[in-house]
There are 2 protein chains.
Amino acid sequence: MHDEMASRGGTSRKPYHHGNLREALIDGAIAIIAEQDVAAVSLRKVARQIGVTNAAPYHHFENKTALLSAVAAEGFRTLVERGTAAIAAGATPREQMTALGMAYLSNAIEHPAHYQVMFRSDLHQAECEELEAVSGDAFGLLVGCIDRLREELGAQGDLLPLTLAAWSMVHGFATLWTQGALEKKTGIVDWKPMADQVLRMLETMVYSELEAMRDGA
Amino acid sequence: MHDEMASRGGTSRKPYHHGNLREALIDGAIAIIAEQDVAAVSLRKVARQIGVTNAAPYHHFENKTALLSAVAAEGFRTLVERGTAAIAAGATPREQMTALGMAYLSNAIEHPAHYQVMFRSDLHQAECEELEAVSGDAFGLLVGCIDRLREELGAQGDLLPLTLAAWSMVHGFATLWTQGALEKKTGIVDWKPMADQVLRMLETMVYSELEAMRDGA
DNA sequence: TTGATAACTAATCGGTGTCAAGATAGTGAT
DNA sequence: ATCACTATCTTGACACCGATTAGTTATCAA
């Protein structure tokens, strides 16, 4: 972009312009979220760590919710990446759906605080187009999976209720786990075996529902 | 407890002691949550509305998370009430489970902000026994429902994965809806028909899983 | 070189959670 | 009835936060 050591020849001084503050703010916020919590994120703290003053972030984000919306969007972007890769690696529609579910759960549970930012709408800016677009892409992955299954089974009808049921199940498991509710209630420390079971039940649910949509009304 | 107009004979003056500040704080917080949001709750505001000063709440709650834990516990208490009533009204184990699910969703969607407080562990005090007890009671309702179904079908084995899958599905739907994600993604404004469909699929999932636990493996 | 504009600083406002020290009211023993 | 004791509430403060305003500095285009 531009030479960061342009001013005050010779010795290295902080340049007046950061050069890439917007992305630095997003990365800084993500770092704090990963190490601590969303609650630990303040615009002042992020700015301080980067080395700019309180008001600097406001030249790149309208307010705190705008920054967190960008953080959430970034989370959805990696979710879409991982989900797309998982689907690409699956041979059959069935394998693809289960792989997508596992990618969803892995992503959520490996980055629990970031995952919460993605779904805490009170942290988001109203009508953030970037966020809506990329979260829509993520939803599209699931819609695609279920539609391929429908095609495979020759079913027809409205897939929306089934899609929402599937999303609810996976999202609910991720939410309960990242909040510590499941661990506290069951004493289980390893989420993966339980997730395998849940995804297996999801499979049977989707199949029996689609089969019912093939045969009768 | 004691006469609230004891001091300064005749005209009504504010008594130095509130008399029931603890419950007033909880009610005040719940009121703000119902009308606005958890984010709108501050100890100072609640105290102000009641007519006491900033520091007064600290004689009844260790900190803000302690107050919100009490609010969350109150939410679980009414959930247990409604859930118990729903189960009592159901004739068969099947009806009971669906009624419990609908009670869960109704309670969540009618009081979305309060519902979030119940499950936002970052708002809770660590190791709040009251909260853990009453949320455990709520979980017990679901465990009981599924165990009655197991008995009806003569199945045997570990019910935990199935229980978690059921909870995940209902909780996920409630979470997605109260965050506005479903409404935004689908354009649906009335949650009830969709909830009926989801609960119907939950039924079939639970039944097919329990039947598998009766026959083989 | 010169504006114009984007990026940043300095200073400030109202609000928050939390704490320490002091004032007041109720309670129980004598 | 008096006295000490304790729970309750107030006053005043600290550090932090989101956000705004006005001013400063760098960059870039003409």
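Owing to the predicted nature of the structure, the values given are computational and were not obtained by experimental measurement. So you know, we letter chains A, B, ... as the sequences are listed, proteins then strands, and number each from 1.
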In whole angstroms, the gap separating C1' of dT8(D) from CG of Asn20(B) amounts to 13 Å
Of the listed dT16(C), dC17(D), dT18(C), the closest approach to the Leu43(B) side chain comes from dT18(C)
Here the distance between atom P of dA13(D) and atom CZ of Arg44(B), to the nearest Å, is 13 Å
The complete set of salt bridge (charged side-chain N to carboxylate O under 4.0 Å, His left out) pairs with one or both residues in residues 98-126 of chain B, sequence neighbours excluded, reads Arg82(B)-Glu110(B), Arg120(B)-Asp122(B)
Glu23(A) CD to dA7(C) P, in whole Å, measures 13 Å
To the nearest angstrom, the NZ-P distance between Lys45(A) and dC17(D) comes to 7 Å
Notebook entry, point to check: With no hydrogens and no angle check, is any side-chain donor or acceptor of His124(B) less than 3.5 Å from a backbone partner on Val117(B)?
Noted result: yes
ask   = Within the distance-only criterion (no hydrogens, no angle test), does the side chain of Thr204(A) pair as donor or acceptor with the backbone N or O of Met201(A) below 3.5 angstrom?
value = yes
(Q) With a 6.0 Å cut-off (strictly less than), is the heavy-atom count around NZ of Lys45(B), excluding the residue itself, greater than 12? (A) yes
Gln49(A) CD to dC17(D) P, in whole Å, measures 11 Å
Distance col, row Tyr115(B):OH vs Asn107(B):CG, nearest 0.5 angstrom, shows 9.0 Å
Query raised in the report: Distance-only, no hydrogens or angles: does the Ser69(B) side chain make a donor-acceptor pair with backbone N or O of Gln125(B) under 3.5 Å?
Result: yes
Separation of dG17(C) atom P from Gln125(B) atom CD, nearest Å, is 15 Å
Counting only N and O atoms by type, is there a donor-acceptor contact under 3.5 Å from the side chain of Lys64(B) to the main-chain atoms of Leu43(B)? no
Quiz item: Could you go step by step and tell me if Phe139(A) and Trp167(A) meet the ring-ring contact (aromatic ring centres under 6.0 Å, His included) rule?
Solution: CA-CA 9 Å; Phe139(A) 185 62; Trp167(A) 187 18; 5.2 Å; yes
Per-helix bend value, the helix from dT1(C)-dA30(D) to dT30(C)-dA1(D), C1' rotation axes over five pairs per end, 10° rounding, shows 10°
Practice task
Taking the side chain as every heavy atom from C-beta outward, state whether Gln179(A) and Gln116(A) have any atom pair closer than 4.5 Å.
Solution key: yes
Arg48(B) atom CZ is separated from dG15(C) atom C1', nearest whole Å, by 8 Å
Residues of residues 53-67 of chain A with a heavy atom under 4.0 Å from any atom of DNA chain D, listed by number, are Ala55(A), Tyr58(A), Asn63(A), Lys64(A)
Ile50(B) atom CD1 is separated from dT10(D) atom P, nearest whole Å, by 11 Å
